[in-house]
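Since the structure comes first, as C-alpha cells, the remarks are kept for the end.
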Amino acid sequence: MTMKRYSAQIHHTYDTILRMFRALDDTFFFRRKILMSLGGMALTVLGVWNMESIAGILFLMVGCWLLASLNLPAKNQADNIKKALGGQYPQNKYEFFDHHFVLHAQNQDIVNYNKLVRLIEDEGYCYLCLNEQACYMLEKASLGSELKDFMAFMEKATGLKWTKPYRLSTFNLKTIIEMSKNGKKKK
C-alpha cells in the first residue's frame with residue numbers, strides 16, 4: 001500500500017481558468033506568438049509608411065489586429081469553459097502518491113506520473129500537463145512549507161524539469177535555448 005505524500009487544492013474562478021490557458025498557450029504555442037508579433041509589427045510599420053494608400057491602411061489594421069489578438073486563443077478557451085460551467089467553478093483536491101496522483105472533483109481521476117508531458121510553474125500555481133491543451137492546476141499556497149519538497153518529488157517522479165511560461169516581455173537567446181530543451185525527460 002502506498003502512502004500519501006502530498007495534498008494540494010485549487011478553487012477555480014474565471015481568472016484561474018484564464019491563467020491556466022495562458023500558461024499552456026505561452027508554453028506550448030510560444031513560437032506562434034513570436035510569429036504573430038513579428039508579422040504584426042512588420043505589417044504595422046508597412047502600414048504607417050504607406051498611410052496614404054488603401055493597402056497601407058489595411059496593412060496597419062491587420063498588423064494591429066495580430067498584435068492585439070496574441071492572447072485571444074487562451075481567452076476563447078476560458079470563455080468556453082465559463083459558459084460550459086455556468087458560473088459553477090470546481091474546487092479540486094489532489095493527493096499525491098509514489099507513482100500517481102488522485103484528483104478529487106466531481107469524479108475521481110487517477111493519473112500516473114508517466115502520463116505527464118510538462119511541469120509548469122508560475123508565481124502562484126503549478127500546472128501538471130497531460131498535453132498542450134490539458135493540465136491539472138493547483139495552488140502553490142495549498143502546499144505550504146512542503147512546496148519545495150513537492151516540486152523536487154514531481155521532478156523525480158516524472159523525469160521532467162519545472163519550466164515557467166515564456167513571455168514576450170522576457171524573450172531572449174536564453175529563452176530559445178530553454179525552449180529546445182524543456183519538456184524532455186531527464187536521462
Side-chain angles (χ1 to χ4, degrees), residues 8-40 65-96 99-140 142-143 150-151 154-155 157-171 175-186:
Q9 64 183 2
I10 185 169
H11 187 203
H12 278 292
T13 63
Y14 177 78
D15 291 336
T16 63
I17 301 289
L18 179 60
R19 189 172 180 156
M20 177 181 68
F21 284 119
R22 283 210 52 206
L24 289 172
D25 200 44
D26 288 347
T27 301
F28 290 101
F29 301 106
F30 189 69
R31 287 179 179 95
R32 179 193 68 210
K33 282 189 170 189
I34 293 170
L35 292 175
M36 284 178 66
S37 296
L38 292 174
W65 178 81
L66 280 172
L67 292 171
S69 63
L70 291 174
N71 293 317
L72 195 57
K75 184 175 179 342
N76 287 341
Q77 289 176 301
D79 289 346
N80 290 339
I81 296 294
K82 178 182 178 182
K83 186 186 291 184
L85 293 175
Q88 302 295 315
Y89 294 102
Q91 182 164 348
N92 298 339
K93 295 182 181 179
Y94 298 91
E95 292 180 325
F96 294 87
H99 303 287
H100 68 279
F101 68 91
V102 178
L103 165 66
H104 299 281
Q106 289 175 333
N107 30 349
Q108 185 173 326
D109 287 346
I110 299 173
V111 181
N112 290 326
Y113 296 126
N114 63 1
K115 299 288 185 203
L116 300 176
V117 298
R118 180 81 54 106
L119 301 174
I120 305 171
E121 58 128 348
D122 63 19
E123 303 79 33
Y125 300 93
C126 294
Y127 309 88
L128 313 176
C129 302
L130 292 170
N131 58 48
E132 56 217 18
Q133 297 190 346
C135 73
Y136 296 93
M137 179 181 186
L138 53 104
E139 288 181 87
K140 285 181 170 180
S142 71
L143 286 154
F150 167 77
M151 292 179 78
M154 288 301 293
E155 282 189 348
T158 62
L160 299 167
K161 287 263 192 212
W162 287 98
T163 64
K164 294 191 181 290
Y166 304 114
R167 303 281 191 239
L168 288 172
S169 60
T170 59
F171 180 70
T175 305
I176 294 170
I177 294 167
E178 286 178 6
M179 286 173 64
S180 67
K181 290 181 185 177
N182 286 339
K184 296 181 178 147
K185 300 275 184 184
K186 293 188 287 186

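These values consider heavy atoms only, across backbone and side chains, with no hydrogens, waters or symmetry-generated copies. A quick note: this is a predicted structure, and the numbers were derived from the prediction, not measured.
Tyr136 pairs with exactly one of Phe96, Phe101, Tyr113 by the ring-ring contact (aromatic ring centres under 6.0 Å, His included) rule, that one being Phe101.
Residue Gln77 holds its CD atom at 7.0 Å from CG of Asp25, rounded to the nearest 0.5 Å. With values rounded to the nearest 0.5 angstrom, Leu119 atom CG is found 7.0 Å from Glu155 atom CD. In this structure, NZ on Lys83 lies 6.5 Å from CG on Asn80, to the nearest 0.5 angstrom. To the nearest 0.5 Å, the span separating CD on Glu121 from CH2 on Trp162 amounts to 7.0 Å. Interatomic distance, OG1 of Thr13 versus CD of Gln91, reported as 12.0 Å (0.5 Å rounding). Note that CG of Leu18 and CE of Met20 are 9.5 Å apart. Values are rounded to the nearest 0.5 Å.
Of all non-hydrogen atoms in Leu85 and Pro90, the two that sit nearest each other are CD1-CD, 3.9 Å. Minimum interatomic distance between Pro165 and Asp26 (heavy atoms only, all atoms of both residues): CB-CB, 3.9 Å. The minimum heavy-atom distance between Asn92 and Leu103, with the atom names listed, is CB-CD1, 3.4 Å. Scanning all heavy atoms of the two residues, the minimum distance from Leu138 to Ala8 falls at CD1-CB, 3.9 Å. Smallest separation of non-hydrogen atoms from Tyr125 and Glu139: CE2-CG, 3.4 Å. The shortest non-hydrogen separation linking Met154 to Thr158 is O-OG1, 2.7 Å.
Using a 4.0 Å cut-off between a side-chain N of Lys or Arg and a carboxylate O of Asp or Glu, Glu123 and Lys164 do not qualify as a salt bridge. The pair Asp79-Lys75 meets the salt-bridge criterion, with a side-chain N (NZ, NE, NH1 or NH2) lying under 4.0 Å from an Asp/Glu carboxylate O.
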task = Begin from the C-alpha positions of Tyr94 and Leu128 and carry the test side chain to side chain contact (heavy atoms under 4.5 Å, CB included) through to its verdict.
result = CA-CA 12 Å; Tyr94 298 91; Leu128 313 176; 5.6 Å; no
inquiry  = As a quick check of understanding, evaluate side chain to side chain contact (heavy atoms under 4.5 Å, CB included) for Val117 and Leu160, giving each step before the final call.
reply    = CA-CA 8 Å; Val117 298; Leu160 299 167; 5.6 Å; no
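Scored by the side chain to side chain contact (heavy atoms under 4.5 Å, CB included) test, Asn112 finds His100, Asn114, Lys115 as partners (sequence neighbours excluded). Listed by chain and number, the residues in a side chain to side chain donor-acceptor pair (under 3.5 Å) with Tyr127 are Asp122 (sequence neighbours excluded).
Within 6.0 Å of atom CD in Gln88, 12 or fewer heavy atoms from other residues, nucleotides or ligands are found, so the atom counts as exposed in its surroundings. The neighbour count for Lys140 NZ, taken as heavy atoms of other residues, nucleotides or ligands under 6.0 Å away, is above 12.
Checked by atom type, the side-chain pair His104/Glu95 shows a donor-acceptor distance below 3.5 Å.
The backbone N or O of Gln9 sits less than 3.5 Å from a side-chain atom of Ser142, completing a donor-acceptor pair.
The shortest distance between side-chain heavy atoms of Cys129 and Leu24 falls below 4.5 Å. Using a 4.5 Å cut-off on side-chain heavy atoms (C-beta onward), Thr27 and Arg118 make contact.
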